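Report on one structure; see the data block that follows.
Throughout, protein chains are lettered first and strands after them, A, B, ... in sequence-line order, and every chain is numbered starting at 1. Owing to the predicted nature of the structure, the values given are computational and were not obtained by experimental measurement.
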Amino acid sequence: MIIFLGDTNLKKIEKFVESITPRDDDFARWYTDICLGAELCSYSNVRGCIILRPYGCAVWELITAELDRRFKETGHENVKMPLFIPESMLQKEKDHVEGFAPEVAWVTHGGDEQLTERLCIRPTSEVLFCDHFAEIIQSWRDLPKLYNQWVSVVRWEKTTRPFLRTREFFWQEGHTAHATAEDAMEETLLMLDIYEEFFRNALAIPVLKGLKSESEKFAGAVRTYTVEAMMHDGKALQSGTSHYLGNGFAKAFNIQYTDKDNQLQFVHQTSWGISSRSIGGLIMVHGDDEGLVLPPAVAPIQVVIIPIATHKEGVLEAAMKLKGDLKAAGLRVLLDDSDRMPGWKFSEYEMKGVPIRLEIGPRDIVKNQCVAVSRDNREKVFIPLKNAADEIPALLAALHRRILERAEKSMMERIYDVDSLDDFAKTIEEKPGFIRAPWCGSADCEAKVKELTTATSRCIEADGEIEGRICVVCGEEAKHSVFWGKAY
RNA sequence: CGAGGUGUGGCGCAGUUGGCAGCGCGCGUGGUUUGGGACCAUGAGGCCGCAGGUUCAAGUCCUGUCACCUCGACCA
C-alpha cells in the first residue's frame, strides 16, 4: 500500500523526528535530551563528569549570585579551602570518615613518586574547616565564624546522571563555628529558611522543609535538615541540606575557645550546602515537551528578540532599538539577527527555556508594536514599542508566579496520607508522589518501608499531626509524621 | 559491583559471504528566502575506540583491552 502524505503531514513528521522525547513517554530520556538539547552540558570523557557549557554555566552563575547575595546579607564570608585532604586528617571524626570512605577518590602519586601519605580529593570540606578553625579560634571574641566556599567536590559515584549525580559537582558549602549550641541551631535553621526562600523566589520551586531521620542524616552531624522538592514524575530531589554538627567535630579537632569566664569551651558548628544538582531540579520541575522553562531570576537570556524578515526596511533598526531599551531597563536580552528561519529560532529558544520571546516584523513596525510570547503558556500579547521596557518586567514576574503556583499545586496534589503499610505500598506504586505517614521513630520500621516500597523517608514534618496515630509499620504509637518518597 | 548495549566524518547511523568507506543531518561558500525548525547550487571533512592475531586482502573473522550508555545493587 502506498500512502500519500500531504504537506502538513510531512511537516509534522519532520518536526517529530527532530524533537525531543515526549516527557511522559520516557522521563529519563526526556531529561537527558533537555540537558544536551538546551546546551546546558555535554558528557565528558571521564564517566560521571559533565562539561558545563556556556548556557548551563550561565545558569549556575546566576544561581550562585542569588545565593551568594543572601549569604553576604546574613554576615557570611567566602573562603577557599584546598582540594586535598590528608588521609590522617579525614580519619579524625569516625562517623564522618565511615560515611564518606566508599566514595572517596585518592591521590597516591606526585609525578612518578609515591606519596608518603595518600591525599583524598575533598568529598566535602568539614575536616579542612575544622583544622583551620582550631588554628584561628581562641577567644569568644573570635566567634561566630561564618564561612562559605564555592568549590567543586568529588564523590566516586557508581551510577551517574547529568546534574543529578555526577562524580564531580559544583556547590557551596557553608561552615560556621559558634559559642553555644543555641547559636549553632539558630544558624542551622536560618540557612534552611534561606534555602527555602531561594528555591521559591529564585527558582520558583516549592519545597518541603524538615528534619532527616537518623539513618538519612549527614555522616558526623547531630541533626540534618533538608529541603525536598517534588519532580514532575513524582520523585523527590533532596535539594539542599543544613546540618547542626554539635561539638563532635570540635572535640575531634580540638576547636576550643576561652569564654568570658576564662573557661575553655568547645565550639558548636554547622554546615550547609546546595549544589549544581539544583539545575536538574529546574529541568524536572518546570520543563515541558518543548524543552526547558527557566524562571526569570536564573535565565541567562530573559528576553529574546526575533526579527522577522530582517532584510525589510526598518526591521533590524527597530529590533536594535528595542534591545537597547530593554537592556537599559536592566534585562538580559538577546537579539538573534542570524540568518536562521524564524521558526527555527522559536524552537531553539523554547528548548533553552527563555521566558519571553519578542517578535518584531514588518507588520508590527507599521503599528509601532511587538509581539510578546511567554514561554510557559505561549500566550501572545501585543506591546507598543515605547512601553516595552515597562511592560516586560511585569510579564516576567507573572511567569514566575505562574510556574511557581503550578509546581506548588502539582506537589500538594500528590502528597497522599496513608495509615497502613498495604495502603502505602499500593499508593506509591499507583500514584507517583509523596506519602505522608506516621512513624514510631525506629530504624527497623524505616528500613522495612524501604524494603517493601523502595521509598525512603524524605523528612519529618515540622508540626505533623500524630495525636492518637500509630506507626504504619509496627502499630506502636507514632512519634513523627514523615514524608516518604522515591528519590533521585 | 552485576546484567545488557554501543564504539565508523562534528552529530545520528548503514556497511551483506572478508574485496574502492557510504547515507542523513550539521558545517563552508554563492544565491533565493524569512510571522513555527526554508530551498537551489557547490565544497570541505575518515588511522572505522585501542593493541595483537588470522588472511593475498580486515570496518567486517579471532583474542585481549579501554571508554561510554541503559537497567539493577550501592550511595550525607
Side-chain angles (χ1 to χ4, degrees), chain A residues 7-8 10-20 26 28-29 31-33 36-37 39 42-50 93 95-104 123-126 153 155-162 164-167 169 171 173 212-226 238-245 271-273 275 277 290-291 306-312 315-316 336-351 357-365 369-371 373 378 380 382 450-451 454 456 459 487-488:
Chain A
D7 277 351
T8 330
L10 275 174
K11 246 184 189 157
K12 266 185 194 159
I13 287 167
E14 272 172 33
K15 182 160 199 268
F16 179 70
V17 167
E18 289 175 22
S19 68
I20 56 178
D26 184 340
R29 179 156 299 183
Y31 174 81
T32 309
D33 284 351
L36 302 176
E39 298 183 343
S42 284
Y43 286 108
S44 81
N45 288 321
V46 178
R47 182 153 72 94
C49 295
I50 55 172
E93 214 287 339
D95 291 340
H96 188 65
V97 67
E98 276 176 13
F100 281 101
E103 45 187 353
V104 161
T124 178
S125 307
E126 268 72 11
V153 290
R155 297 178 190 180
W156 213 250
E157 304 285 354
K158 286 172 178 157
T159 303
T160 59
R161 298 189 62 190
L164 299 175
R165 176 158 279 115
T166 48
R167 284 183 170 172
F169 57 88
W171 78 343
E173 44 179 320
K212 282 286 188 189
S213 69
E214 280 298 302
S215 61
E216 292 282 331
K217 79 178 186 187
F218 177 71
V222 175
R223 300 176 128 197
T224 290
Y225 291 86
T226 179
Q238 178 176 306
S239 300
T241 47
S242 185
H243 315 292
Y244 168 64
L245 302 178
S271 68
W272 26 275
S275 75
R277 175 185 249 196
E290 292 4 282
I306 299 179
I308 311 293
T310 48
H311 61 286
K312 297 265 176 70
V315 169
L316 207 49
D336 187 344
D337 58 356
S338 70
D339 57 6
R340 296 277 195 189
M341 300 297 288
W344 190 95
K345 294 178 188 173
F346 295 169
S347 301
E348 177 71 7
Y349 296 105
E350 279 170 7
M351 171 67 83
R357 171 176 88 230
L358 292 181
E359 300 170 28
I360 183 161
R363 294 208 298 267
D364 301 308
I365 289 174
Q369 66 174 24
C370 58
V371 185
V373 184
R378 287 197 177 193
K380 275 191 185 186
F382 297 92
K450 189 178 180 183
E451 187 190 324
T454 73
T456 51
C459 67
Y488 275 99

Please tabulate the protein-to-nucleotide N/O contacts below 3.5 Å involving nucleotides 40-45 of chain B, giving atom names and distances.
none

Interface polar pairs with nucleotides 1-5 of chain B, N/O, under 3.5 angstrom:
none

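With sequence neighbours left out, A:Thr456 forms a side-chain contact (heavy atoms from CB on, under 4.5 Å) with A:Glu216, A:Lys450, A:Arg458, A:Ala487. Not counting sequence neighbours, the partners of A:Asp336 by the salt bridge (charged side-chain N to carboxylate O under 4.0 Å, His left out) test are A:Lys345. Looking at residues two or more places apart in sequence or on another chain, you find no side-chain contact (heavy atoms from CB on, under 4.5 Å) involving A:Arg363. Residues that satisfy the salt bridge (charged side-chain N to carboxylate O under 4.0 Å, His left out) test with A:Glu359, not counting sequence neighbours, are A:Arg357. Every residue meeting the salt bridge (charged side-chain N to carboxylate O under 4.0 Å, His left out) condition with A:Glu214, not counting sequence neighbours, appears here in chain and number order: A:Lys217. Checked against salt bridge (charged side-chain N to carboxylate O under 4.0 Å, His left out), A:Arg161 has no partners two or more places apart in sequence or in another chain. Checked against ring pair (Phe, Tyr, Trp, His ring centres under 6.0 Å), A:Phe346 has no partners two or more places apart in sequence or in another chain. Applying the ring pair (Phe, Tyr, Trp, His ring centres under 6.0 Å) test to A:Tyr225 and every residue at least two apart in sequence or in another chain returns nothing.
Taking a pair as Watson-Crick or G-U wobble with both distances under 3.5 Å, RNA chain B forms stems of 3 or more consecutive pairs at B:1-7 with B:66-72, B:10-13 with B:22-25, B:27-32 with B:38-43, B:49-53 with B:61-65.
Listed candidates were B:A76, B:G36, B:G35. Nearest to the side chain of A:Phe169 is B:A76.
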>> Within the 4.0 Å limit for protein heavy atoms, which parts of nucleotides 27-34 of chain B are touched? Write it as a string from 5' to 3', B for base, S for sugar-phosphate only, - for none.
In response: S-----BB

